There are 2 protein chains.
Amino acid sequence: MPRPTNPKLRRAILDVARRVLIEQGYPALAMRPIAREVGCTATSIYLHFDSKDALIHALIDEGMELLGRELRAALAAGATPRDRLQRLARAYLSFGLENPEYYEIMFMLHPSRMERYPAENYRRARRNLDFFHQELAAALGPAAADRDLRAEATLLWTSLHGTVSLLIAGRIDAAIDRDKLVELAVAQVLRSLSPPPLLPESDAARN
Amino acid sequence: MPRPTNPKLRRAILDVARRVLIEQGYPALAMRPIAREVGCTATSIYLHFDSKDALIHALIDEGMELLGRELRAALAAGATPRDRLQRLARAYLSFGLENPEYYEIMFMLHPSRMERYPAENYRRARRNLDFFHQELAAALGPAAADRDLRAEATLLWTSLHGTVSLLIAGRIDAAIDRDKLVELAVAQVLRSLSPPPLLPESDAARN
DNA sequence: GGCGTAAAGTTAACAGCGTCAAGCGACCCC
DNA sequence: GGGGTCGCTTGACGCTGTTAACTTTACGCC
């Protein structure tokens, strides 16, 4: 909610907040330290942002746009749908690993922190996902007839997210090579193009 | 660090903490409310746990054991390695979706909260992953010769984690059917059994 | 030029957080 | 029965996000 108020201070707050986030991480993102560095008081921030969450949401929006730019660049560099899909996956993973602080507030924050995130921003953010859907559809062509590509594209995203988030969180066994895992994740995305997904019914039928 | 102190209060604290976590979620997990419900003061908790983190770690350990039990049950019910792998995936997803609060503190907590998590517990917790490795190896047999199954098993885990965590966080488009996504995630695990992973080199070579 | 008004920012406070040092009361042991 | 220790409480510190009330600044207008 951009009030009709001094926009210069708003910018300054956002700039400092971004720097604090990137340099010191999310837990260091507190109102008083930000205010101190901006050169105003903590309560002044509330003249420009409804709450701390609103400030974080502004940072999330920045991150979403940055991600969108990188995905679009990957898309533009690809020759075939299949190539583009591979580049999308790689770009998504790179974005997360190179901007872990952004990635964290964008996708790893506790739900309660996101409850107030405006629905419209949410919808816009999710549009980044459409790239996956779109290229998946293009790559599969008519072979996609009886497949739910929206769900499959979502699965591609959630799988990539799992890899990124656990790597960022430092929860992957140190013996596992990071690059190798990334390559496997990319390969897994391409694997989704192969024939119809294997049906587990023969196993499931066993009950 | 289980001090040689009144173990009854320790139990009571842990029981209340678990209930608060499950009923009110992680953000409600605060020292004073827990103490109030236990019938002691907040500082008393420090006689039994080094810190709030240590208390959370104890809950994480409980969750890890619960997960381990369910994975073992899935393993026992499976007829073939392939069937077991499918059941493992399904059990993992179910555990997360049915115990979102446990899952959150186990795998979705901010890294800084986990820094103090004892290395030994960490190692023990990761053993749950070995089930995936083990069944992947069994299912692939000699075909796995030139594949890094440790990394591949890790990828299966991270992919499942991505799906679980984003579902828990409520970040999946409402138009996507939850069960369908889960089925796709299970199918994706089984897909990792198909021939050698598709090589993206033909695309990558394009640079 | 001085006044009135509205905006912009400050001070002080509230309730809650995790945590720590000191103190109190009951029990055991010599 | 006096000393010591265990189990717990009291009170406090510094931090958090946030609000209400106050002060300062800026600007239009007569």
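In this text, all values refer to a predicted model and were calculated from it rather than measured experimentally.
- Using a 4.0 Å heavy-atom criterion, one finds that A:P27 contacts no nucleic acid atom at all.
- Nearest to the side-chain atoms of A:R32 among the listed nucleotides C:dG18, D:dC8, C:dA13 stands C:dA13.
- One interatomic measurement links the two molecules: CD1 of A:I13 to P of D:dG17, which rounds to 14 Å at whole-angstrom precision.
- Side-chain proximity of A:T43 to D:dT16, C:dT19, C:dT11: nearest is C:dT11.
- Nucleotide D:dT18 holds its P atom 10 Å from the CG atom of A:L55, rounded to whole Å.
- Looking at the side chain of A:A30, the nearest of the listed nucleotides D:dT16, D:dT19, D:dA12 is D:dT16.
- The distance between atom NZ of B:K8 and atom C1' of D:dC6, rounded to the nearest whole Å, is 16 Å.
- A:K180 places no side-chain N or O within 3.5 Å of a backbone atom of B:D148 that could act as its donor or acceptor partner.
- Look at CD1 on A:I45: it is 10 Å from P on C:dT10, rounded to the nearest Å.
- Between the P atom of D:dG17 and the OH atom of A:Y46 lies a distance of 7 Å, rounded to the nearest Å.
- Residue-level contact check: B:L29 touches the backbone only, with heavy atoms under 4.0 Å from sugar-phosphate atoms and none from bases.
- Checking C:dA8, D:dT18, D:dA12 against the side-chain heavy atoms of A:L47 singles out C:dA8 as nearest.
- In terms of phosphate contacts, B:T41 brings a side-chain nitrogen or oxygen within less than 4.0 Å of OP1 or OP2 of D:dT9.
- Here B:Y103 and B:H161 bring their ring centres to under 6.0 angstrom of each other.
- Applying the 4.0 Å criterion to OP1 and OP2 of D:dG7, one finds that B:H48 has every side-chain N and O outside that range.
- Scanning both residues, A:A89 and A:V189, for their nearest heavy atoms gives CB-CG2, 3.9 Å.
- Inter-residue side-chain proximity for A:M114 and A:I60 is flagged as met; some heavy-atom pair is nearer than 4.5 Å.
- Separating the NZ atom of B:K52 from the P atom of C:dG18 is a distance of 4 Å, rounded to the nearest angstrom.
- When rounded to the nearest whole Å, the span between CG of A:D50 and P of D:dG17 equals 16 Å.
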Decide yes or no on side-chain hydrogen bond (donor to acceptor under 3.5 Å, both in side chains) for A:E152 and A:H133, but give the supporting numbers first.
-> CA-CA 8 Å; A:E152 288 201 39; A:H133 182 188; over 6 Å; no
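- In this structure, the CZ atom of A:R36 is 14 Å from the P atom of D:dG14, given to the nearest Å.
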